[in-house]
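In listed order, ligands and their atoms are each counted from 1. What you are looking at is a predicted structure, and each value in this text was computed from that prediction instead of being measured.
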Amino acid sequence: MRNVVIIGSGCAGNTAAVYAARASLSPLVVMGKHAGGQLSMTTLVENFPGFPEGINGPDLVENIKKQAQSFGAEYVHGDVIDTDLSRRPFRINIEGEWVETRTLIIASGASARWLGLPAEQKLIGHGVSSCATCDGFFYRGKKIMVVGGGDSAMEEANFLTRFGSEVALVHRRDQFRASKIMLDRIRHNPKVKVLTNTVVEDIMDVPTKLVTGVRLKNLATGVVWEQEVDGFFVAIGHIPNTAIFKGQIETDADGYIISKGGPKTNIPGVFHAGDVQDRVYRQAVTAAGMGCMAAIAVERFLEAEGH
Ligand code: NAP
């Protein structure tokens, strides 16, 4: 019987592990399919407090893990494939093996949403990316395209003008979800060309395993054309990793866990931390903060029960 199982090993899960381990709760961290979370896919993180020169995302997340391990946190590779949260102790299935736990911290994060075009998955890492900070550098002097109409797309398009010879921003409507300030920045950036009412129909060229261009369609006029592209960045939001908790943990329509005050979920003894609940801030430091809060909540919850 575990005191606490932590699902996820990004900034939120690892910070929860530091606090839980220091409280002598011997946490078990299930690392998940994408060990290290989104930080493990970034390069330099310049806004995590305490690192005036910045720190590489993968180093940051690995350092927090080492810190947690030094206090006795145990890490296990693999993914949680099933859970039974209907009664206590909770039961967690890690790659086929059931583990019992008194409490649970869900820090399973959110994953990038993709367009769903057949060519897209085949060209990831060969010109298709969901992370401008990770891959922008490869497209110095090249033609870049960003898809999306929210703040992420604006931020990525703006950032990518540091590298690309030109950046096309493609959005399926003519209304943007992005905040006014972000949109204004894009509209005033001479390197960005905005294509509204436009959808991507196909990405070329799968046989050569390299992005060479896209086929676009203007939904207002019906006009279809091909455009040369070297780097294709998808920034159409994220999907919270909550599928395995469906019907057990209360989520909103998009699958984000609904907070019942601080790190509490609708189930007493199950807590959340990081992007799995936070669709607004989504920062490394806020995820770490939530990890800390979840671990302290676990400690108090167990204490109140006499453990
Ligand atoms: P978002 O606000 O949900 O926007 C997603 C965009 O992608 C929407 O414009 C949507 O189009 C489009 N989209 C979704 N599915 C699509 C599809 N299948 N094909 C084409 N387009 C599709 O997501 P986000 O931009 O990632 O932002 C998420 C949250 O983080 C927001 O609250 C945002 O403010 C915040 N954020 C803030 C900052 C910042 O302030 N620095 C930076 C990044 C993110 P429709 O509009 O047509 O639905």
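Put simply, CZ on R187 and CG on L169 are 9.5 Å apart, with the number rounded to the nearest 0.5 Å.
Here the shortest heavy-atom distance to atom 5 (C) of ligand 1, taken over D278, V147, I236, V234, belongs to I236. With atom 27 (O) of ligand 1 as the reference point, the heavy atom nearest to it among G148, S152, G150, G149 is part of S152. By heavy-atom distance, the residue among H238, R279, Q283 lying nearest atom 32 (O) of ligand 1 is R279. The option from R177, R113, E156, M154 that lies nearest to atom 45 (P) of ligand 1, judged by heavy atoms, is R177.
For the pair R172 and ligand 1, the shortest N or O to N or O distance falls below 3.5 Å. Residue E155 has at least one N or O atom closer than 3.5 Å to an N or O atom of ligand 1. Where the criterion is an N or O separation shorter than 3.5 Å, residue side chain and backbone included, L115 fails it with respect to ligand 1.
Annotation: atom 47 (O) of ligand 1 to nearest protein heavy atom, R173 NE, 2.7 Å. Looking from atom 38 (C) of ligand 1 to the surrounding protein, the closest heavy atom is D151 CB, 3.7 Å. Closest to atom 44 (C) of ligand 1 among all protein heavy atoms lies R282 NH2, 3.1 Å. Given atom 23 (O) of ligand 1, the protein heavy atom at minimum distance is G237 CA, 3.7 Å. Of the protein's non-hydrogen atoms, the one nearest atom 35 (C) of ligand 1 is V280 O, 3.9 Å.
Between N266 and I249, the shortest heavy-atom contact is OD1-CA, 3.5 Å. Taking every heavy atom of both residues into account, G148 and I236 meet most closely at CA-CG2, 3.9 Å.
Judged by distance alone, with hydrogens and angles left aside, the side-chain atoms of N14 form a donor-acceptor pair with the main-chain N or O of S9 at under 3.5 Å.
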Set out, in order, the CA-CA distance, both residues' side-chain angles and the distance that settles side chain to side chain donor-acceptor pair (under 3.5 Å) for S152 and R282, then state yes or no. CA-CA 11 Å; S152 297; R282 307 187 315 156; 3.2 Å; yes
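Under the 3.5 Å distance criterion, with hydrogens and angles disregarded, no donor-acceptor pair is assigned to the side chains of N3 and S26.
Only the side chain of H171 comes within 4.0 Å of ligand 1, judged by heavy-atom distances.
The number of heavy-atom neighbours closer than 6.0 Å to OH of Y139, taken from other residues, nucleotides and ligands shown, is above 12. The environment of CD in Q121 is crowded: more than 12 heavy-atom neighbours from other residues, nucleotides or ligands sit within 6.0 Å.
The closest approach between any non-hydrogen atom of M182 and ligand 1 is below 4.0 Å.
For the pair V45/N47, a side-chain contact is recorded, criterion being any heavy-atom separation below 4.5 Å from C-beta on.
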